[in-house]
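Predicted model, so just to flag it, every value in this text is computed and none were measured. As a basis for the values below, the full set of heavy atoms in this structure was taken, side chains included, without hydrogen atoms, waters or symmetry mates.
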Amino acid sequence: MAQQQVARHTQWAILAVGLLSFTGILVETSLNVAFYTLTRQLGITLSTVQWLTSGYLLMVTIVMSTTAYLIQRFAAQSLFRFAVGMALIGATLCAAAPNFPILLLGRLAQAVATGIATPLMFYLIMALIPHRQLGTYMGLASMIISLAPALGPTYGGWLTSALSWRLIFVVILPVIGGVFLLGQKFIQLPAKPQHRRFDWSGLILLAGVLVGLSEAVENIGTLGWTSGSVLSWGGLFLAALLLLLWHIKTSNALLLNFRILRTPAVALWAIVFFSLQFANIGLSFLLPQFSQNVLHSSALTAGLMLLPGSILGGLMSPLAGHVYDRAGFRLPLLLSNTAILLSCLLFWGLTGWLGGVLITLLYMLFRFGFNFGFGNTMSDASLRVPGSAKGDLNSLFNTLQQYAGSMGTSVLSAILAANERGAGTSKAAAITAGSRQSFLLIAALGLLGIVLTLMVKSKKTV
């Protein structure tokens, strides 16, 4: 009976942290369908307003890079309490924001909360769930955070169309309060005693790499490749990258343990994991822009187009984990990337015929593919490192995941902006052309995933 009680506490603890992560992702995907409204109400451009997503994901990435240290240094419940506090502060700032800078500040506070909550959830699973059930629980965790994109566009679209975008933040406040009470009762994993010092140099250099590349990409779309801004940010990226590589080679106290990428399968899965999330967040940004600017859909309609696919994807996550537990990695990962490749080739080939129904059907195929591979990629990678390195892998993969989302938004936004800047046609025609290019890019990532999956050798559990 005691054993059942421990298992129940573990499940509730994972759920509490998962729900906190859920609220962050809910707001992130809700805002994608509100961008059209925000550009008009706040008097800003699409390339500026997209920083509510890409800037948020960039901050999440930086925070997640510290979690390998934080999880060892602080008890899980202390981290959870801090994350809840930042989530409440962020939601309050966003709900009351009089202008874009305050709105962005609130989003960055929410990013700190999500940046702690998401890896903490996966760490609890890796630390407390036996290997034979790892795929299933990773699938369940993926389902929790996948339901946020399922509800986000519809939730945000309805509130934006019928009432106000500010209610996107107001409604989640009591949810965060309830999540706090749940986590306060059930999260009990203590810190691990260690004498590891915090890698401030690594954090600064990593931030320089991430911000430099994101800003360079964003400015390419609006200003062109040869602008001074692009060259400056690109120079910062290259300088920070070279210094970070030197730091990784010479330091004994690394913020992120990049050395686990020396295992070939882990390195290949890291690329696949990055590609999956790039495609997922990028497409969830792109389709509402296409729907509202080309099809002239409302924010609510644009959100509803994504709802069936997001629900299907969320429901597929536990099944995908079960298939992984039974059949290994190759079948679910090949299904995943094949579905992404096929769906985006169809998006590309049928762009001129896209309507609400066709977008919904193709997005369902895409989300089936994404969710069939997302959790399983991390599950298989975690079994290829020793137990002492699982926290490092958790932190590294979650950092890659969030930066992939930020880059997905930034790159596709830059493609749309470049088409608008260079086209002598209407905005709708420019976004149509940019969307076709973006669909083809994501299809290429699906093909890359197939190739890399075939390259990975069968695992040896460690």
Side-chain angles (χ1 to χ4, degrees), residues 28-54 149 152-158 160-161 165 218 220-222 278-310 340 342-367 408-445:
E28 172 199 329
T29 52
S30 297
L31 283 180
N32 283 340
V33 296
F35 282 176
Y36 187 80
T37 300
L38 287 169
T39 56
R40 282 156 174 73
Q41 290 190 8
L42 300 180
I44 53 180
T45 65
L46 179 61
S47 62
T48 298
V49 78
Q50 63 89 21
W51 274 98
L52 294 176
T53 292
S54 61
T154 305
Y155 166 77
W158 176 68
T160 301
S161 296
W165 58 267
E218 196 273 331
I220 286 171
T222 55
F278 181 105
N280 177 44
I281 299 299
L283 197 61
S284 71
F285 161 79
L286 178 65
L287 291 177
Q289 309 316 313
F290 182 89
S291 299
Q292 293 179 77
N293 287 283
V294 178
L295 303 181
H296 304 294
S297 304
S298 67
L300 176 59
T301 301
L304 287 172
M305 289 179 192
L306 306 187
L307 179 61
S310 299
I340 290 173
L342 179 60
S343 62
C344 288
L345 283 177
L346 289 171
F347 268 124
W348 171 72
L350 300 174
T351 303
W353 291 270
L354 288 178
V357 174
L358 189 53
I359 288 176
T360 298
L361 292 174
L362 293 181
Y363 189 67
M364 288 176 70
L365 177 59
F366 172 85
R367 282 306 299 258
T409 304
S410 294
V411 169
L412 299 195
S413 174
I415 291 173
L416 296 183
N419 277 274
E420 287 188 59
R421 180 173 54 87
T425 56
S426 67
K427 182 175 182 179
I431 288 183
T432 299
S435 297
R436 294 194 81 238
Q437 296 163 9
S438 300
F439 294 143
L440 199 57
L441 172 61
I442 298 174
L445 294 178

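- Applying the side-chain hydrogen bond (donor to acceptor under 3.5 Å, both in side chains) definition to pairs two or more places apart or across chains, none involves residues 348-361.
- With rounding to the nearest 0.5 angstrom, the CG atom of Leu445 is 10.5 Å from the CG atom of Leu440.
- Annotation for Cys344 and Ile442: closest pair SG-CG2, 3.4 Å, computed over non-hydrogen atoms.
- In terms of the side-chain contact (heavy atoms from CB on, under 4.5 Å) criterion, residue partners of Leu42 (sequence neighbours excluded) are, by chain and number, Leu38, Ile44, Phe100, Leu103.
- Contacts of Leu441 classified as side-chain contact (heavy atoms from CB on, under 4.5 Å), with partners at least two apart in sequence or in another chain: Phe278, Val411, Leu412, Ile415.
- Residues passing the side-chain contact (heavy atoms from CB on, under 4.5 Å) test with Leu362, sequence neighbours excluded: Leu346, Phe347, Leu354, Leu358.
- In terms of the side chain to side chain donor-acceptor pair (under 3.5 Å) criterion, Thr37 has no residue partners (sequence neighbours excluded).
- Under the side-chain hydrogen bond (donor to acceptor under 3.5 Å, both in side chains) criterion, the residue pairs touching residues 428-445 are Asn419-Gln437, with sequence neighbours excluded.
- With sequence neighbours excluded, the residues forming a side-chain contact (heavy atoms from CB on, under 4.5 Å) with Thr39 are Val49, listed by chain and number.
- For the residue pair Ala428 and Val294, the shortest heavy atom distance occurs at O-CG2, 3.6 Å.
- Looking only at side-chain heavy atoms (C-beta outward), Pro308 and Tyr363 stay at 4.5 Å or farther from each other.
- Here the CD1 atom belonging to Ile359 is positioned 14.0 Å from the CE atom belonging to Met364, to the nearest 0.5 angstrom.
- In this structure, OG in Ser291 is found 10.5 Å from CD1 in Ile431, a value given to the nearest 0.5 Å.
- Considering all non-hydrogen atoms of both residues, Ser297 and Ala302 come closest at CB-N, 4.4 Å.
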Side chains of residues 282-289: which donor-acceptor partners sit under 3.5 Å, not counting sequence neighbours?
{"from": "Ser284", "atom 1": "OG", "to": "Asn280", "atom 2": "O", "distance (Å)": "3.4"}
{"from": "Ser284", "atom 1": "OG", "to": "Ile281", "atom 2": "O", "distance (Å)": "2.9"}
{"from": "Gln289", "atom 1": "NE2", "to": "Asn32", "atom 2": "O", "distance (Å)": "3.2"}
{"from": "Gln289", "atom 1": "NE2", "to": "Phe285", "atom 2": "O", "distance (Å)": "3.4"}

